[in-house]
Each structure stands twice: as structure tokens, then as C-alpha cells.
Amino acid sequence: MAVLPTDAAPRAAAALPELQELLRLIDQGGSMLQARELASVATSAGALPVIGVTLGNPDPSVPALGFIGGVHGLERIGAQVVLAYLGSLVRRLRWDLSLHQQLESLRLVFLPVVNPGGVQAGTRANPRGVDLMRNAPQDADRGVPFLIGGHRLTRQLPFFRGPGGAPMEAESEALCRFVREELLGRPVAVSIDFHSGFGLRDRIWFPYARTRRPMRHLAEIHALCEVLDQCLSPHPYVMEPQSRHYLTHGDLWDHLYDEALSLDRGIFLPMTLEMGSWLWVKKNPRQLLSRHGMFNPLIEHRQQRVLRRHMAWMDFMTRATQSAFRWLPGPDTRIDHGEQALIRWYRRTVR
Ligand SMILES: [Zn+2]
């Protein structure tokens with residue numbers, strides 16, 4: 001039961017293949033999906049909608065998993081991976097009893113194109129020149145790298161946080177509201193935000209981006225990492241805190257994680273997948289000549305391979321989220337997981 005305003009579809013369809021695909025899937029999903037316009041973003045070519053989709057049991061007592069993409073407009077492959085997974089679910093809904101059973105005790109939420117104006121223009125930032133993943137109000141600890149960690153100098157430079165004291169951008173606000181409404185406060189919720197960056201490995205990052213101090217749910221992350229290794233090996237992923245690479249100001253997931261902590265209700269585990277785009281460049285060095293090629297596989301068969309590559313993990317994550325209380329550490333194992341995590345990710349020697 002879609003609740004999109006009547007003019008959203010033609011506006012979006014005229015603009016972007018990713019939004020066209022999303023609207024097609026919403027249509028195909030029929031009464032199994034709910035869709036809503038979370039924001040409308042002004043671009044030079046007219047307004048574009050930010051659309052959220054939900055399926056499964058809306059009861060706030062069941063676990064929930066969110067798939068987010070297209071925060072950085074240049075990294076279109078992130079939006080495409082999220083859409084590919086949503087598409088596979090929509091097609092399976094026609095026949096797959098096990099999926100219907102799964103959705104009786106799981107909520108799935110999708111926000112595939114957070115920054116439609118950036119995707120349309122092929123820019124990392126939104127149409128107002130703001131890097132949404134630097135746009136939350138919090139500052140990082142000392143040691144933030146110049147520019148890349150976020151700055152307030154000018155919107156002409158990448159990684160601009162937005163003016164000091166200004167409200168968050170419409171797209172950031174839409175994402176936060178959607179996460180707040182659909183994920184926070186549940187007994188357990190997980191989110192995965194799909195990006196593509198430099199490097200050869202696919203990295204799963206967890207908070208924090210603003211500090212090298214560990215997050216409160218490090219033991220839970222370690223337990224998840226353990227079941228991932230046990231059940232999906234060999235897999236291509238490296239799990240680690242983002243702060244292991246660099247600190248940033250204004251990370252939206254830090255902001256939402258801290259908000260979840262302040263609610264003091266349930267467990268929220270936000271993760272970011274950074275797909276290693278050097279893999280694609282290495283296999284096709286001509287990509288270096290294209291700005292899009294730095295962040296997206298340009299050859300059709302390689303793009304298909306990337307879309308397929310993450311399906312097994314996304315499916316694993318739906319099962320892991322639904323059954324979280326079977327692997328989340330209890331009072332007897334939590335300290336042990338926490339200590340192993342400190343040794344693994346924070347180079348601490350425990351006792
Ligand atoms: Zn990104």
C-alpha cells in the first residue's frame with residue numbers, strides 16, 4: 001500500500017534510473033510493500049523525492065534491518081546493490097513461503113537513494129554542496145584529517161559539513177527520521193549503509209567515526225562477526241571500527257547510534273559497507289580516466305558480479321537480525337566477547 005504523493009512517480013521517473021527502478025519495485029510489490037516520500041529535494045532539473053520502503057511485520061517488538069544507499073551521489077553502485085536486493089525480495093515474495101514466514105517476525109526497511117540530487121548530478125555532495133555523511137552536528141576528537149574528515153570552509157570543496165549551527169540538510173533529516181521511526185527503540189535493529197571507496201577489500205565499518213574509543217555494543221558486534229565467520233566463510237569482508245582508518249566530524253551513524261544509546265532501550269548496530277573499488281579499477285585500469293569509474297564498476301558484467309557479490313551477505317544479515325537473540329552474548333559471554341574485541345580491534349592487552 002504505497003502512500004506516495006501522486007506526482008512523485010512521474011517526477012522521479014523522468015530523472016533517474018535508480019528512482020525509476022525503485023518505483024517499479026514498489027509497484028510490483030503491491031500490498032506487500034509500503035512506500036512513503038520522506039523529503040523532496042530541489043535540483044536544477046526540478047524536485048526529486050527521497051523514498052523509504054518498508055515490508056514485514058511493523059510490530060515494534062520484532063527485530064528490524066535497514067538497507068541504505070546513495071548517500072554519496074557519486075557512488076551509484078551502493079544504491080544499485082540495495083535495489084538489487086529489494087528486487088530479489090519482491091520477486092521471491094510471489095512464491096517463497098520461507099520469506100513470508102521470515103517477514104512475520106522481521107521488519108525490513110529500505111532507503112536506496114538518500115541523495116537523489118547527488119546521484120543525478122554525479123556528485124558526492126547533495127545539490128547544496130553538503131557531504132551528508134559529515135552533516136550531523138557532532139565534532140570528532142582531535143586528529144581529524146584535513147578536508148576529508150569534514151570542514152566548514154566552503155561548499156566549493158568536497159567534504160563540506162554545512163554551515164555551523166545550521167539545521168541538517170533535508171536528506172540527512174529524512175534519513176534520521178526514517179531510522180528513528182523504523183529502527184530505534186526496537187529490542188534489536190541493524191542498519192547497513194552501502195558505499196564504495198578506495199581500497200581492495202570490502203570493509204564493514206561500525207562506530208565510531210568520531211573517536212577511537214570503543215562503542216558500547218562492541219561485544220555484540222564481536223559476536224556478530226563470529227557468526228559471520230562461522231557461517232559465511234570464506235567471505236570477502238573485513239569488519240572493523242571506522243576510526244581504525246580515519247576520524248570524521250558529523251557522521252550520521254555516530255549521531256543515530258548516540259541517539260539510540262540515549263533512549264536506553266534495545267540494541268542498535270549501525271554498519272557501513274565500503275565496497276573496495278580498487279578491485280574494479282585494477283581489472284579495468286581505463287576506469288581511472290572516468291570520475292564515475294573511481295567509484296563504480298563500469299563494465300556491465302563486472303557490475304552484475306558486484307550486485308551478486310553481496311547478496312549472500314545481505315541474506316545472512318536478514319537471518320542474523322531476525323534470530324539475533326540466539327547469538328547476542330548473554331551475561332555469561334558478554335565480558336569475554338568484549339575483551340576479545342578490544343584485543344582484535346583496539347590493540348589492547350586485557351589483563
Ligand atoms: Zn561514500
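First listed ligand is number 1; within each ligand, the first listed atom is number 1.
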### Task
Just jot down the side chain to side chain donor-acceptor pair (under 3.5 Å) partners of Asp131, sequence neighbours excluded, or say none.
His72, Arg124

### Message
For the Zn ion (ligand 1), give me the closest N/O/S atom belonging to His72, just the atom name.
### Response
ND1

#### Entry: Check ion pair Asp258-Arg216 (N to O, under 4.0 angstrom)
no

### Query
So which N/O/S atom does His195 have closest to the Zn ion (ligand 1)?
ND1

#### Entry: Check ion pair Glu220-Arg334 (N to O, under 4.0 angstrom)
yes

### Query
Is there an N/O/S atom in Glu274 that lies less than 2.8 Å from the Zn ion (ligand 1)?
no

### Query
Do the ring planes of His151 and Phe160 sit parallel (below 30°), tilted (30 to 60°) or perpendicular (above 60°)?
tilted

